[in-house]
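Single-structure report; data block below.
Heads up: numbering here begins at 1 and tracks the sequence. Keep in mind that what you see is a predicted model, and the values were worked out from it rather than measured.
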Amino acid sequence: MLSTGLRTLRARWATFVGSFLALSLGVALIAVMGLALASSRDAPDRRPERFAAAPVVVKGRDTLEVPTARGERTRKLAQPRAVPDAAVARLRDLGTVVEDRSFAVRAEGGPADLVGHPWSTAAFAPYRLDAGRAPEAGDEVVVSGDWARPGTRVRTDGGVVRVVGTVAGLGFENAVFYTDTRAAELSPRSLQLVVDADAAAVREAVRGSAGVRVLTGNARRYADADPDRDGEALTAMNAMFGTAGGVTGFVSVFVVASTFAFAVAQRRREFGLLRTAGATPGQIRRMVVYEALAVGVLASTAGCVLGAYGAPRLAEWTVAESLAPRWFTIGASTWPYPLAFGTGLFGALSGVLAASWRAGRTGPAEALREASVDTRPMPWGRRLFGAVLLITAVATPALDLVTDPGDLLHRKTYVSRPMLLISAVALLAPVLVRPLTRLIAWLPALLPGAGGMLARENAATGLRRTAAVAAPVLVTVALAGSLLGATATLDAAKATEIRDRTAADFVVTAARDTGFGKATLERLRAVPGTEVSASSTSAVYVLEEGAALIRSDARAVEPGPLAAMTHLPLAAGKVSDLDDDSIIVNEEWEKHAVGERVDVWLGDGTRKSLKIAAVMTTGTGDNGVYITPRNAPAAPVDRIDVRLKDGADAGIVTTALRQAVRVSGGKVLTQDDWVRAVYPATNRTTRMGLILVLGIALLYTGISLANTMIMATSDRVRELTVLRLAGATRWQVQRLVGAEALMVVLVGGLLGALVTVLNLAGMWGSLALLSVRTSPELPWATLAAATGACAVLAVISAVASAALSLRRGAVEPAGVRE
C-alpha cells in the first residue's frame, strides 16, 4: 500500500509539499530554540575588569548569610557596608590604600550609562591617557571613548566640567574620572578599596571584621559593577528561550497535526476508490501512517539542517538587541536535534492517527461522491476530548481564583494558559465554524449576485477545510492578543495601584544613586505652600518556612508624612501606628497579623525584631513594606513627595522646586508624570521576548496558512471548473475564492479574539480579588493587525492557487469570452 501511495504522489504534490514545509519549518524552529537554550546554560569565567591590575581589593560587607536547617541562604544587601575605619587604619600601615567610588553621571551629549570614578583608580583597569592630561581641579575630568575631546566643556548633573584628557574605552563601561577630592564630594561613601600590600598581611589586618572580603586573582571580578550580570542575563535568556521554545513546540505540533489531518480528509475519494479495488480498512490505515512517517522523517531531517543554519542568526540577533551578553554564541550541543526530530515525528503521527482511523472507515461509495459537503466532520471522540480540554481550561483559572488569585498574574501562567484554551477551541472549531460563517456572511449574502451566497455556503459546508484554514489564524490571533493583552493589563494595574496610593501633587526624584544632600533637602523643605515627605529606598529580609530567605523592597519614611502623602491599601491596622519598633507588611508575608512580631534583617544586614503595625493587600505583588528611617540608616533620601497647601499656586511651587534641585540635579514630576516614569511600559527584555515569541508564531502560522490555502484550493479544481462551465469568468471565480479565504480568516480571528477575552477575563477577576480595580486591556490594534496579516496571506495564496489551477486544469466553456 505504501508503494501505491507513493505512485499517487504526483497527483497530489501540493498536499505533500504543504505538509513537508509545515513540518520542516516547525522542526527547524524547535531546533533553533533548543540550541539557543542549550547554549545559554553556562557562562564563561569572567575575568576582572576595573581591577585587573590591582594587587589586592578589600570589599565591605555586601551580602547577608543566614544559616538554616537546609543550608546557608545568601542575599545581596540593599545597603552594603563600608570597610570599618579600624580595619582601614590597619591597612594604611601595610601600604598605599586607594578608596574606590562609583556613581552615575548624566552629561549632555554623553552616553546614557556614564559612571564616575576617582582618577587614582584608573590605573587598576588599567586605563592609559591617549590625549591630554590627568584632572587636577574639581571641574576637570578625563573621559573614556571619543564622545568628547580635550578642551570640551560639558554640562553634567554635578555641574559644568571641562574635559582635560581622554582614555581608550575598555569595552565594559563608559567612565568619567574626577579628582579624588571631587569624587568623594559626589559620592561620600566608599565601599571598597585597593591595598598595595601582601595578600596574607591584608587578610590578617581585616580578621575579625564581619563580612569584609579580601579579593585577589580572578576573585577581583567581584569588585566590578554587577559581577552577577552574566548569571542574571543567562536566567533571563533561559526564560526567554524556554518560553519561545514552549510556544514553538505547541504551535508547530498544533498546526502540523491540523495540516496532516486536513491532508488525509482531502483524500476521501481516493480511499473510496482503493476500497472499491479491494483494499481493507487496515491497509488504508497503514498506508496513511506509513506516508506520514516517510514525510515526517524527510521533513524532520530537513528541519534539523535548517535549524543548524538558523540558530547562529538568532544568537547574533539577541546580542545585537542587547538581550544576550557579548560572548553569547551557539555551542556544540547535540541533544536539541533528536528532540526536534522526535517532536516533528510526533506532530506528523499525532495529526494522522485519528485521521487514519477515519480513512479506514471510508466506504467504496465515497469514490462516487460528487458533493464535498462535510456531513459529519467531527467524531464523538473529538467532541469529548475538546469538551474535556475546554472544561479544564475554564475550571483551572476558576480554581486559582478561589485558592491563589496571584498565580494568574505570573508570566508562566499567562503564557501557558492560552495554549490549553486554544487547543480546546480548535478541537471544537467545526461546531463553531458553521454559525460564525453564517453570521459573518449574513450581510454579503443579501447583496445582489450569487457571490456572497456561494462564499457562505462553500465555507459553511466545507467544515474540515474551513477549520483547517482557521486553525493557524486562531493560534496567531489568540497568542498575540493573550500575551500582549496580559502584559498591558498588568502594566495598567500597576499604574493604577501607584496612582491610587499617591496623594502627592509632585514627586521629586534624585539624579544620582547617592540621593539628595542635606542642603538640597533643606531647600526643598523650605519651599513655601508645601508639605514634604522624604523617603529612601531600602529592603527587608525575612526567613519564611525555615528555609527561604525572602527580600522585600522597602520605603523608609517618617510615619506622619507617610499617612498624609499616601493612601496605602490596608487590609488591617493603621499607618499612624508605624514607629521605629514596627513595620508595615503585606499579605504575602508568612506572618501578617497586626501586633505580631517578626524577625527581619534590615538593608545593611542588621537583625531586628519588629512589630507588625499594619498589613497591606497583596495587589499585583509590588506593594513591598514600609519602615522608618532609623531602620534604614545607610539609605540616602532619593524621593521627595510634595503636596500643595490650600491656596498655593502650582506654577510657583514647581519653579521653586526646580530651583531647589538645580545644583544637585533631580527631576520635578507631577503625579501623572511620575506614575508614567515608574511604570512606563513592559521592560525591554520582556518586550523583546514577546516579540520573539509572536514573531515565531506569526512566521510559522503565516507559512502554514499559505500552505493550507494552496492545499485546499488545489483540491477544488473540479468545483472551480464547474463554475467556469456555468458561465463564471476567471475574475469572478478568483474573487469568490478570495472572499471565501477572507471569510475563513475572519472566523479564525473571531475565535482567537474569543480566547483572548476569556484569558483576560481570568486575569481581571484575579486583580479584582487582589483589590486592584482596573479594566482588562484588550489589544484591539494587535488583534486587527494579526488578523489583517493572516487575511493578506490567505487571500493571496488562495487567489494565486486558483488562478494557477484554472490555467492548468479548467475546461474552457465554449463561446464564453473574458
Side-chain angles (χ1 to χ4, degrees), residues 64 77-79 494 497-510 515-516 521 524-525 530-544 550-643 645 671 674 678 770-772:
L64 172 65
L77 287 174
Q79 273 81 48
K494 292 176 180 179
E497 278 187 310
I498 296 298
R499 185 177 293 107
D500 291 344
R501 187 184 306 177
T502 304
D505 297 298
F506 299 95
V507 176
V508 185
T509 57
F516 294 110
L521 287 175
L524 287 169
R525 289 191 172 100
T530 63
E531 297 179 33
V532 172
S533 173
S535 61
S536 308
T537 301
S538 186
V540 168
Y541 308 85
V542 62
L543 190 65
E544 295 191 348
I550 307 299
R551 170 186 165 131
S552 290
D553 292 335
R555 295 301 303 178
V557 61
E558 294 291 346
L562 175 64
M565 296 289 183
T566 59
H567 302 300
L568 296 185
L570 295 184
K574 295 184 296 183
V575 174
S576 57
D577 289 343
L578 178 67
D579 56 27
D580 293 337
D581 189 46
S582 62
I583 185 174
I584 296 177
V585 303
N586 60 69
E587 291 178 323
E588 291 181 299
W589 280 44
E590 183 180 21
K591 292 182 178 182
H592 57 262
V594 173
E596 191 174 11
R597 299 196 74 87
V598 58
D599 290 331
V600 301
W601 286 265
L602 302 179
D604 62 354
T606 302
R607 185 169 183 173
K608 194 169 185 179
S609 175
L610 297 175
K611 182 179 65 175
I612 297 176
V615 180
M616 296 180 290
T617 57
T618 301
T620 60
D622 290 335
N623 281 339
V625 301
Y626 286 86
I627 54 179
T628 61
R630 181 165 293 184
N631 288 322
V637 174
D638 58 3
R639 178 176 133 197
I640 307 291
D641 289 12
V642 181
R643 192 172 68 174
K645 293 181 179 179
Q671 184 192 90
W674 182 72
V678 175
L770 294 171
S771 303
V772 182

Inset, instruction - Check whether the side chains of Thr509 and Trp674 place a donor and an acceptor atom closer than 3.5 Å, and report yes or no. - result: no

Inset, instruction - Carefully, step by step, assess Phe506 and Arg643 under the rule side chain to side chain contact (heavy atoms under 4.5 Å, CB included). - result: CA-CA 7 Å; Phe506 299 95; Arg643 192 172 68 174; over 6 Å; no

Inset, instruction - Indicate yes or no: at least one non-hydrogen side-chain atom of Tyr626 is less than 4.5 angstrom from one of Met616. - result: yes

Inset, instruction - Using the test salt bridge (charged side-chain N to carboxylate O under 4.0 Å, His left out), find all partners of Arg607 that sit at least two apart in sequence or belong to another chain. - result: Asp599

Inset, instruction - For residues Ile584 and Leu568, determine if any side-chain heavy atom of one lies less than 4.5 Å from a side-chain heavy atom of the other. - result: yes

Inset, instruction - State, yes or no, whether a side-chain contact exists between Trp589 and Ile583 at a heavy-atom distance under 4.5 Å. - result: yes

Legend entry - Where Phe516 and Ile640 come nearest, the two heavy atoms and their spacing: CE1-CG1, 3.8 Å

Legend entry - Closest non-hydrogen atom pair, Val532 against Pro561: O-CB, 4.2 Å

Legend entry - OG on Ser538 to CG on Asn631, rounded to 0.5 Å: 9.0 Å

Legend entry - Atom pair OG1/CG of Thr537 and Asp553 - distance to nearest 0.5 Å: 8.0 Å

Inset, instruction - Mark yes or no for whether Glu588, through its side chain, and Gly624, through its backbone, hold a donor-acceptor pair below 3.5 Å. - result: no

Legend entry - With Asp581 via salt bridge (charged side-chain N to carboxylate O under 4.0 Å, His left out) - residues at least two apart: Arg597

Legend entry - Polar side-chain atom of Thr606 near backbone of Leu602 as donor-acceptor pair, under 3.5 Å: no

Legend entry - Step-by-step salt bridge (Lys or Arg N to Asp or Glu O under 4.0 Å) determination, Arg639 to Asp641: CA-CA 7 Å; Arg639 178 176 133 197; Asp641 289 12; 2.9 Å; yes

Inset, instruction - Apply salt bridge (charged side-chain N to carboxylate O under 4.0 Å, His left out) to Asp580 and list each qualifying residue two or more places apart in sequence or on a separate chain. - result: Arg630

Legend entry - Spacing of OG belonging to Ser535 relative to CG belonging to Leu562, to within rounding of 0.5 Å: 9.0 Å

Legend entry - All pairs passing salt bridge (charged side-chain N to carboxylate O under 4.0 Å, His left out) where residues 554-569 contributes a residue, at least two apart: Arg555-Asp638

Legend entry - Spacing of CG belonging to Leu578 relative to CG belonging to Leu610, to within rounding of 0.5 Å: 9.5 Å

Inset, instruction - To the nearest 0.5 angstrom, please state how far the CD1 atom of Ile498 sits from the OG1 atom of Thr566. - result: 11.0 Å

Legend entry - Distance-minimising heavy-atom pair for Ala632 and Ile627: CB-CD1, 4.1 Å

Legend entry - Glu596 side chain reached by Lys611 side chain, heavy atoms, under 4.5 Å: no

Inset, instruction - May I have all residue pairs that pass salt bridge (charged side-chain N to carboxylate O under 4.0 Å, His left out) and include part of residues 564-579, sequence neighbours excluded? - result: none

Legend entry - Heavy-atom check, side chain of Ile612 versus side chain of Val598, under 4.5 Å: yes

Inset, instruction - Locate the shortest heavy-atom distance separating Ala572 from Val594; write the atom from each residue and the value. - result: CB-CG2, 3.7 Å

Inset, instruction - Determine, stepwise, if the pair Val575 / Leu570 fulfils side chain to side chain contact (heavy atoms under 4.5 Å, CB included). - result: CA-CA 8 Å; Val575 174; Leu570 295 184; 3.7 Å; yes

Inset, instruction - May I ask you to decide if Thr620's main-chain N or O and Glu497's side chain share a donor-acceptor pair within less than 3.5 Å? - result: yes

Legend entry - Minimum heavy-atom distance between Ala503 and Ala564, given as atom pair plus value: CB-O, 4.1 Å

Inset, instruction - For residues Val557 and Ala534, report the shortest heavy-atom separation together with the two atoms involved. - result: CG2-O, 3.6 Å

Inset, instruction - Working to the nearest 0.5 Å, report the span between CD of Gln671 and CG of Asp505. - result: 7.5 Å

Legend entry - Residues that Thr617 engages under side chain to side chain contact (heavy atoms under 4.5 Å, CB included), provided they are two or more places apart: Pro569, Ala571, Glu587, Asn623, Ser771

Inset, instruction - Using atom types as modelled and distance alone, determine if a side-chain donor or acceptor of Glu590 lies under 3.5 Å from a backbone N or O of Glu544. - result: no

